[in-house]
> 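My structure is below; once you've seen it, I'll send some questions.
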Amino acid sequence: MAQVPSPGSIIVADWHQCKDSKEYFTKILHKKRRRQFGLLESPMMSPLAAVDTVQYKIFLSGKSGVGKTSVVARLAGVNIPNMHYETIGIETTIVYWPVKIKESGRVLFFRLQLWDCGENALKRFDHMLPFCKEQVDAVLLLFSFTDRISFEDLPNQITKWTAPPLDRVVKLVVGTKFDLFMHCDVAERDVRAFRSTWGLPVLRVGGEVSDGLGDVAPFLNSLCENLWHQDWLRAGAERDQPHTESETFL
């Protein structure tokens, strides 16, 4: 499996709580709630505080009812649906998240385009999954703490996203409905055993959502950190590639 950075080793994990971050986080808020961005919209910074934006495509993978749509809603800061409904076709959501790189102090806006596709649509239309995989940067592999079968299906999901050219895609496992202790079918020892075997980060979501940033900061920081780390590894691999004969004479 690909190398996984230690949490907080690349970006400042609690930066959303620091004074110097206020200028940036206010650009993703509207009346103290998360602002919703369209495909052609972006946070507007002053010319003196221009910030580079890095863009990534994120696909959510998991069986129907596991909570993909709810995770997208949580990350985007919109109301989580009270009732489950099957996603029809493909839904894309834009999430902006500012981060501060530890080593350089550089501030970046991560533009995360979240792709949510209904399981029935994927089964019905053969072209949808290849389209979702095209130029994808990360996949969120979802299971529900209340659905043992979804947890046991994780190795199958991982295998589908491990073969080239998807071997370098960032993979994060997300356990949903973590707050429903009375209905839990997946124990912590199971999660620890999974992490020991596969070496992948396991993020947990569940519970009430507030208007603040603290609910989503750990999740989004982890996602951004892994994406930035993968870009760094990819850039290093490209630098280490030997020049071909044709390149020598350019």
Side-chain angles (χ1 to χ4, degrees), residues 7-8 10-17 21 24-39 41-43 53-82 84-85 87 90-100 108-118 132 136-145 150 157 169-179 200-230:
I10 297 176
I11 69 174
V12 181
D14 61 347
W15 190 54
H16 63 286
Q17 298 175 331
S21 72
Y24 303 93
F25 279 99
T26 54
K27 301 303 180 182
I28 65 170
L29 298 173
H30 177 66
K31 295 182 179 179
K32 297 184 179 182
R33 294 184 62 88
R34 296 280 295 285
R35 179 184 167 191
Q36 306 308 304
F37 292 93
L39 287 173
E41 295 179 305
S42 62
T53 298
V54 288
Q55 304 185 42
Y56 296 96
K57 177 181 177 180
I58 319 297
F59 179 72
L60 283 82
S61 175
K63 59 179 293 190
S64 179
V66 80
K68 298 187 293 294
T69 300
S70 294
V71 168
V72 171
R74 181 183 294 269
L75 297 182
V78 300
N79 293 328
I80 295 177
N82 293 323
H84 168 258
Y85 65 92
T87 301
I90 299 172
E91 294 183 2
T92 61
T93 304
I94 304 297
V95 174
Y96 278 92
W97 188 254
V99 305
K100 187 173 186 179
L108 296 168
F109 265 115
F110 277 68
R111 182 185 185 272
L112 309 173
Q113 188 177 55
L114 305 175
W115 285 54
D116 176 16
C117 186
C132 291
V136 69
D137 298 293
V139 57
L140 303 182
L141 306 163
L142 273 67
F143 75 95
S144 169
F145 276 95
S150 68
Q157 287 197 61
V169 170
V170 170
K171 303 171 190 67
L172 297 180
V173 177
V174 181
T176 63
K177 306 177 185 178
F178 182 59
D179 57 317
L200 292 176
V202 179
L203 306 177
R204 297 164 173 81
V205 295
E208 296 296 326
V209 179
S210 71
D211 293 337
L213 301 172
D215 292 325
V216 296
F219 192 119
L220 289 173
N221 283 337
S222 180
L223 176 56
C224 293
E225 192 161 47
N226 279 272
L227 286 166
W228 191 250
H229 178 69
Q230 183 59 46

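We use all heavy atoms of the structure for the numbers below, so side chains are in, but hydrogens, waters and symmetry mates are not. The chain is numbered in sequence order, starting from 1.
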> Testing the basics here: between Ile28 and Pro43, what is the closest heavy-atom pair and its distance to 0.1 Å?
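Answer, listing the atom of Ile28 first, then Pro43: CG2-CG, 4.2 Å.
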
> If I take atom CD1 from residue Ile94 and atom CD from residue Glu41, how far apart are they, to the nearest 0.5 angstrom?
10.0 Å

> Nearest 0.5 Å please: distance from the CG atom of Leu223 over to the CD1 atom of Ile58.
5.0 Å

> Taking the side chain as everything from C-beta on, heavy atoms only, tell me whether Leu227 gets closer than 4.5 Å to Val54.
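No. Closest side-chain heavy atoms not under 4.5 Å.
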
> If you define the side chain from C-beta out and look only at heavy atoms, does anything of Gln113 sit under 4.5 Å from Leu39?
yes

> Judged by atom type as modelled, is there a donor-acceptor pair below 3.5 Å linking the side chain of Glu225 to the main-chain atoms of Gly8?
yes

> Nearest 0.5 Å, please: how far is NZ in Lys68 from CG in Leu114?
13.5 Å

> Does any N or O in the side chain of Ser150 come within less than 3.5 Å of the main-chain N or O of Ser144, such that one atom is a donor and the other an acceptor?
yes

> Do the side chains of Ser70 and Thr176 get nearer than 4.5 Å, heavy atoms only?
no

> From Leu141 CG over to Leu60 CG, what is the distance, rounded to the nearest 0.5 angstrom?
9.5 Å

> So do the side chains of Leu172 and Val170 get within less than 4.5 Å of each other, counting heavy atoms only?
yes

> Are the side chains of Leu220 and Leu75 in touch, meaning some heavy atoms are under 4.5 Å apart?
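Yes, their side chains come closer than 4.5 Å.
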
> Identify the residue among Phe25, Tyr24, Trp228, Phe37 that makes a ring pair (Phe, Tyr, Trp, His ring centres under 6.0 Å) with Trp97.
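The single option meeting the ring pair (Phe, Tyr, Trp, His ring centres under 6.0 Å) with Trp97 is Phe25.
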
> Please tell me if the side chains of Val173 and Phe143 come closer than 4.5 Å, counting only heavy atoms from C-beta onward.
yes

> Working to the nearest 0.5 angstrom, can you tell me the gap between Ser61 OG and Leu140 CG?
9.0 Å

> List the atom of Ala76, the atom of Thr93, and the distance in Å for their closest heavy-atom pair.
CB-CG2, 3.8 Å

> With rounding to the nearest 0.5 angstrom, report the CG to CD1 distance, Asn226 to Ile10.
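So the gap between those two atoms works out to 7.5 Å.
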
> So, do Tyr96 and Arg35 sit near enough that their side-chain heavy atoms are less than 4.5 Å apart?
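The answer is no; the side chains never approach within 4.5 Å.
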
> Within the 4.5 Å heavy-atom criterion, are Arg34 and Leu29 side-chain neighbours or not?
yes

